[in-house]
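These notes are about the structure you will find just below.
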Amino acid sequence: MTLEQKVASVFHLNGENWMRHANPKSVWSRFTVLPLLIIASWSRVLLGWWALIPIALAVVWMFMNPIAFPKAMSTNNWASKGVLGERVWANRNNIPVPEHHRRVPNVLNSLAAVGMILVIWGVVAFSIWPTVTGAVIAVAFKVWYVDRMVWLYEDMKHLP
């Protein structure tokens, strides 16, 4: 089982739920998760322990988002193809992907993880620059990753 399959199972992405997450509204609204988590975490300065409420709400949104929307009416768009490519990528142990797709997704996710480390550091230290820099890095590499998943999907969609 790939790491991506394990993550997908945590978010209940199976069969029909992949098509719910392929709804462009799900994909685009997913980009609200990181800013919401950052703002909720920073609210500890004003709210003290009450900050756990907005943090919990942001975490609930993170888990609910992939299945919060109806099935995509069309998958002929960048966001939907990105999700369908993620599904292909997660299943790569069962259906091999072309050689030119095997390394880049891992590199992009690793670079996004570096951004997340900066975000965590910035949030813990309550420092704007590592938080913003990390968020920009994480989101930029996540968008690049999704774009790469579109390319993977386009290369794989006609295979039997």
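Because only heavy atoms are used, hydrogens play no part in the values below, and waters and symmetry mates are left out as well, while side chains stay in. Values in this document were obtained by computation on a predicted structure and should not be read as measured data.
Under a hydrophobic-cluster definition in which Ile, Leu, Val, Met, Phe, Trp and Tyr are linked whenever side-chain heavy atoms come within less than 4.5 Å, directly or via other members, Val119 and Val136 are assigned to the same cluster. When the side chains of ILVMFWY residues are joined at heavy-atom separations under 4.5 Å, either directly or via intervening members, Val107 and Val97 end up in a single hydrophobic cluster. Side-chain heavy atoms closer than 4.5 Å link hydrophobic residues (I, L, V, M, F, W, Y) into clusters, and following such links, possibly through other members, connects Leu34 to Trp28. Note on Ile137 and Val104: same hydrophobic cluster, where clusters join Ile, Leu, Val, Met, Phe, Trp and Tyr whose side-chain heavy atoms are under 4.5 Å apart, directly or indirectly. Cluster annotation: Leu46 is not connected to Ile39 through the hydrophobic network of ILVMFWY side chains, with a link wherever side-chain heavy atoms come within less than 4.5 Å.
With hydrogens and angles left out, the side-chain atoms of Asn91 and Asn94 include a donor and acceptor closer than 3.5 Å. With 3.5 Å as the limit, one finds a donor-acceptor pair spanning the side chains of Trp151 and Asp155. Remark: the Ser29 side chain and the Asn65 side chain contain an N/O donor-acceptor pair separated by less than 3.5 Å. Looking only at atom types and distance, the side chain of Ser80 has a donor-acceptor partner in the side chain of Asn77 under 3.5 Å away.
The pair Arg87-Glu4 does not count as a salt bridge, with every side-chain nitrogen at least 4.0 angstrom from each carboxylate oxygen. Classification of Glu86 and Lys142 as a salt-bridged pair holds, one side-chain N sitting under 4.0 Å from a carboxylate O.
Taken to the nearest 0.5 Å, the CG atom of Leu152 stands 10.5 Å off from the CG atom of Leu84. How far CE of Met116 is from CG of Leu37: 7.5 Å, rounded to the nearest 0.5 Å. If you take CG on Asn106 and CZ on Arg148, they are separated by 11.0 Å, rounding to the nearest 0.5 Å. For the atom pair CH2 (Trp49) and CD1 (Ile55), the distance works out to 9.5 Å, reported to the nearest 0.5 Å. A distance of 12.5 Å separates CZ in Phe11 from CG in Asn17, rounded to the nearest 0.5 Å. Considering OG of Ser26 and NZ of Lys71, their distance stands at 15.0 Å, rounded to 0.5 Å.
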Check your understanding: How far apart are the C-alpha atoms of Ile53 and Trp50, what are their side-chain angles, what is the distance that settles it, and do they pass the side chain to side chain contact (heavy atoms under 4.5 Å, CB included) test?
Key -> CA-CA 6 Å; Ile53 294 171; Trp50 289 102; 3.4 Å; yes
Review point. Asp147 and Trp78: side chain to side chain contact (heavy atoms under 4.5 Å, CB included), yes or no, with the steps?
Key: CA-CA 8 Å; Asp147 192 61; Trp78 183 87; 2.8 Å; yes
**Study point:** Pair Lys157-Val88, side chain to side chain contact (heavy atoms under 4.5 Å, CB included): steps then yes or no
**Key:** CA-CA 9 Å; Lys157 72 180 179 183; Val88 169; over 6 Å; no
Check your understanding: When you look at Met149 and Lys81, which way does the side chain to side chain contact (heavy atoms under 4.5 Å, CB included) test go after all the steps?
Key -> CA-CA 7 Å; Met149 294 298 100; Lys81 289 176 183 181; over 6 Å; no
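Between the Asn23 side chain and the Phe69 main chain, no donor and acceptor come within less than 3.5 Å of each other. Put simply, the side chain of Thr133 never gets that close to the backbone of Pro130: no donor and acceptor are under 3.5 Å apart.
Here Trp129 and Trp121 keep their ring centres 6.0 angstrom or further from each other.
Counting all heavy atoms, side chain and backbone alike, Tyr145 lies closest to Asn109 at CE1-ND2, 3.3 Å. Here the closest non-hydrogen pair linking Ile38 and Ala135 is CD1-CB, 4.1 Å. The shortest heavy-atom contact between Pro54 and Leu47 is CG-CD1, 4.1 Å. Between Leu13 and Pro66, the shortest heavy-atom contact is CD2-CB, 3.9 Å. Of all heavy-atom pairs spanning Ser41 and Val123, the tightest one is CB-CG1, 3.4 Å.
Within 6.0 Å of atom CH2 in Trp61, more than 12 heavy atoms from other residues, nucleotides or ligands are found, so the atom counts as buried in its surroundings.
In this structure the side chain of Thr131 never reaches within 4.5 angstrom of the side chain of Phe126, judged on heavy atoms. In this structure, Val143 and Phe31 have side chains that are in contact, with non-hydrogen atoms separated by less than 4.5 Å.
Seen from the ring of Phe63, Arg30 does not count as a face-on cation partner, given the 6.0 Å and 45° thresholds.
A tilted orientation is assigned to the rings of Trp18 and His21, their planes being inclined by 30° to 60°.
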